[in-house]
Amino acid sequence: MKAHSTEHELWLADLLGGVRLASDPEVAKRLASCTRCRELLAELQPVAERLERAGKARAALLAELEDAVPAPGEEQIAVALERIAAREPHVRRISRGWVVAAAWLARAFLAGSPSEPLW
């Protein structure tokens with residue numbers, strides 16, 4: 001069986017991505033001449049449509065969030081997070097005490113109360 005042309009695959013990507021329009025006469029000609037292109041288009045078009053709808057829904061949600069009233073103290077938390085993120089990676093080390101406490105809590109949560117210390 002002959003492999004499907006890379007040129008055709010790229011052409012289909014353009015069609016599904018909106019670079020080429022379905023109303024373009026070249027689209028009709030290509031689809032009429034290539035069975036594999038028609039099959040792939042039929043298989044991938046519903047996926048592209050779902051992705052388009054999901055993108056629009058996400059954009060609407062983000063627009064809604066931008067218009068939302070900030071939570072009390074949000075500005076202070078945002079400044080603190082930006083300051084932490086701006087630090088050099090070697091400054092953001094987690095102390096051994098926090099690691100031990102997190103391990104103890106994880107063990108207590110997963111296996112009940114620990115009968116002996118972790119260290």
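It should be emphasised that the depicted structure is a prediction, and the values quoted were computed from it without experimental measurement.
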For residues 38-48, run the donor-acceptor check on the side chains, cut-off 3.5 Å, and write out each pair with its distance to 0.1 Å, sequence neighbours left out.
from: R38; atom 1: NH1; to: L31; atom 2: O; distance (Å): 2.5
from: R38; atom 1: NH1; to: A32; atom 2: O; distance (Å): 3.2
from: R38; atom 1: NH2; to: T35; atom 2: OG1; distance (Å): 3.1
from: E39; atom 1: OE1; to: R36; atom 2: NH1; distance (Å): 3.4

- prompt: Taking it one step at a time, do L15 and V27 satisfy side-chain contact (heavy atoms from CB on, under 4.5 Å)?
  reply: CA-CA 8 Å; L15 178 60; V27 170; 4.1 Å; yes
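- Between R20 atom CZ and L12 atom CG the span is 10.0 Å, to the nearest 0.5 Å.
- Between the CG atom in D24 and the NZ atom in K29 there is a gap of 11.0 Å [rounded to 0.5 Å].
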